[in-house]
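Working notes for the structure below.
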Protein chains: 2
Amino acid sequence: MKLDDAAARLEALGNPTRLKIYRTLVRAGAEGLPVGRLQSKLDAAASTLSHHLKALVVVGLVTQTREGTTLVCHANYDIMRELLGYMVEECCAEGSCAPVVLPKVA
Amino acid sequence: MKLDDAAARLEALGNPTRLKIYRTLVRAGAEGLPVGRLQSKLDAAASTLSHHLKALVVVGLVTQTREGTTLVCHANYDIMRELLGYMVEECCAEGSCAPVVLPKVA
DNA sequence: ACTGTATTTCTAGAAAAATAGAAATATGGA
DNA sequence: TCCATATTTCTATTTTTCTAGAAATACAGT
């Protein structure tokens, strides 16, 4: 992952509303959640939510699949994995190491 | 870690200049780097660099220790660890799981 | 106290982001 | 085709961020 891509993804996550959206989708797992469901859960104006969702989709952290009249949103786990990898990459390459021990997660 | 703290930290990293600063510090390891060294490495105006560093310090991702006339900056690995943990926490709690496999790092 | 180096704070202008109402578009069904 | 529901795009306003020059502060040495 390039630095600018990583920065763009981190920026996308670096807003409370968007982080809440993303986490809600992570919790939802593979089946995802419709936009409308997100809207009621997060209690945001539809246009605002759409705006934030777009920001997450543009950087690849969220994907959307249409099911009839509703749009279902999914967290993209691959991109998240890459982003996490980027964040700890090359740790201490030029100095003594204070190792970044990654947390254990399902 | 609270959502707002996580968002603030991600936002701090979500700027190419600040991400470069942070990664440079991660590479530098435990001994850190003086502000001036960062400035020459990244070729930024001193005031701009100071501004960005402050943003990283405020959210706890970077710490500074004075050594005489120079300020040495260090990546805070503990905070990074917590942030990474937060990002994958509660994966799929409400749905079938597309597991987030964490990357292996030193 | 005076000088030099290191770094921050002040300031201000330009650019970008956040919010949300209103209008527009897309889909499926009657 | 017409309607209802779902979602986005348009538009505008307010707020925040970015950038960097100039001035100020901090420290160590003489």
Side-chain angles (χ1 to χ4, degrees), chain A residues 3-25 28 31-76, chain B residues 3-25 28 31-76:
Chain A
L3 184 131
D4 284 343
D5 293 331
R9 285 163 179 161
L10 291 166
E11 182 184 42
L13 293 171
N15 169 279
T17 300
R18 284 194 300 267
L19 184 56
K20 207 170 295 176
I21 291 170
Y22 180 77
R23 280 171 66 78
T24 302
L25 293 177
E31 56 241 48
L33 275 183
V35 174
R37 199 66 160 288
L38 275 172
Q39 196 192 339
S40 55
K41 280 207 179 204
L42 306 183
D43 194 38
S47 60
T48 302
L49 180 63
S50 180
H51 166 77
H52 284 308
L53 269 173
K54 188 176 185 178
L56 290 166
V57 169
V58 161
V59 300
L61 281 163
V62 166
T63 59
Q64 296 178 313
T65 57
R66 185 168 281 282
E67 277 180 28
T69 169
T70 78
L71 250 195
V72 182
C73 306
H74 311 263
N76 182 331
Chain B
L3 184 130
D4 283 343
D5 293 331
R9 286 164 180 160
L10 291 166
E11 181 184 43
L13 292 172
N15 168 280
T17 300
R18 284 194 299 268
L19 184 55
K20 206 171 296 177
I21 291 170
Y22 180 77
R23 279 171 66 79
T24 302
L25 293 177
E31 57 241 46
L33 275 183
V35 174
R37 199 67 159 286
L38 275 172
Q39 196 193 339
S40 55
K41 281 207 180 207
L42 305 183
D43 194 38
S47 60
T48 302
L49 181 63
S50 180
H51 166 76
H52 285 308
L53 269 173
K54 189 176 185 178
L56 290 165
V57 168
V58 161
V59 300
L61 282 163
V62 166
T63 60
Q64 297 178 313
T65 57
R66 185 167 281 284
E67 277 180 28
T69 169
T70 79
L71 250 196
V72 182
C73 305
H74 312 262
N76 183 331

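Chain letters run A, B, ... following the sequence lines, proteins first and then strands; every chain starts at 1.
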>> Between Lys54(B) and dT7(C), is there a contact of a side-chain N or O with OP1 or OP2 at under 4.0 Å?
In response: no
>> Can you see if the side chain of Arg18(A) gets near the phosphate of dA18(C) - specifically, an N or O under 4.0 Å from OP1 or OP2?
In response: yes
> When rounded to the nearest 0.5 angstrom, what distance separates CD in Gln64(A) from CG in Asn76(A)?
Replying inline: 12.0 Å
> Would you say Thr48(B) reaches dA20(D)'s phosphate, i.e. side-chain N/O to OP1/OP2 under 4.0 Å?
Replying inline: yes
>> Using a 4.0 Å heavy-atom cut-off, does Ala46(A) contact any base of the nucleic acid, only the sugar-phosphate backbone, or nothing at all?
In response: base
>> Of the options dT9(C), dC27(D), dT19(D), whose atoms approach the side-chain atoms of Thr17(B) most closely?
In response: dT19(D)
>> Without decimals, in angstroms, what is the distance between Leu53(B) CG and dC18(D) P?
In response: 13 Å
> What distance do Leu25(A) atom CG and Leu38(A) atom CG have between them, rounded to the nearest 0.5 Å?
Replying inline: 5.0 Å
>> Return the CZ to CG distance between Arg9(B) and Asp4(B), rounded to the nearest 0.5 Å.
In response: 11.5 Å
>> With a cut-off of less than 4.0 Å, is there a side-chain N or O of His51(B) near OP1 or OP2 of dT7(C)?
In response: no
> Is any side-chain N or O of Asn15(A) closer than 4.0 Å to OP1 or OP2 of dA18(C)?
Replying inline: yes
> OP1 or OP2 of dT27(C) sitting under 4.0 Å from any side-chain N/O of Thr69(A)?
Replying inline: no
> Rounded to whole angstroms, how far apart are CG on Leu56(A) and P on dT8(D)?
Replying inline: 12 Å
> So do Thr70(B) and Val35(B) actually touch side chain to side chain, heavy atoms under 4.5 Å?
Replying inline: no
>> How many whole angstroms separate atom CG of Leu71(A) from atom C1' of dT25(C)?
In response: 12 Å
> Taking for each residue the nucleotide of DNA chain C bearing the nearest heavy atom, is the 5' side occupied by Glu11(A) or by Leu49(B)?
Replying inline: Leu49(B)
> Roughly, in whole Å, what's the span from CD1 in Ile21(A) to C1' in dT19(C)?
Replying inline: 13 Å
> From dT7(D), dT8(C), dT19(C), pick the nucleotide closest to the side chain of Gln64(B)?
Replying inline: dT8(C)
> Val72(B) versus Arg66(B): any side-chain heavy-atom pair under 4.5 Å?
Replying inline: no
>> Taking donor-acceptor contacts at under 3.5 Å, does the side chain of Ser47(A) reach the base of dA20(C)?
In response: yes
> Among dT17(D), dT9(D), dT27(C), which is the nearest nucleotide to the side chain of Ser50(A)?
Replying inline: dT9(D)
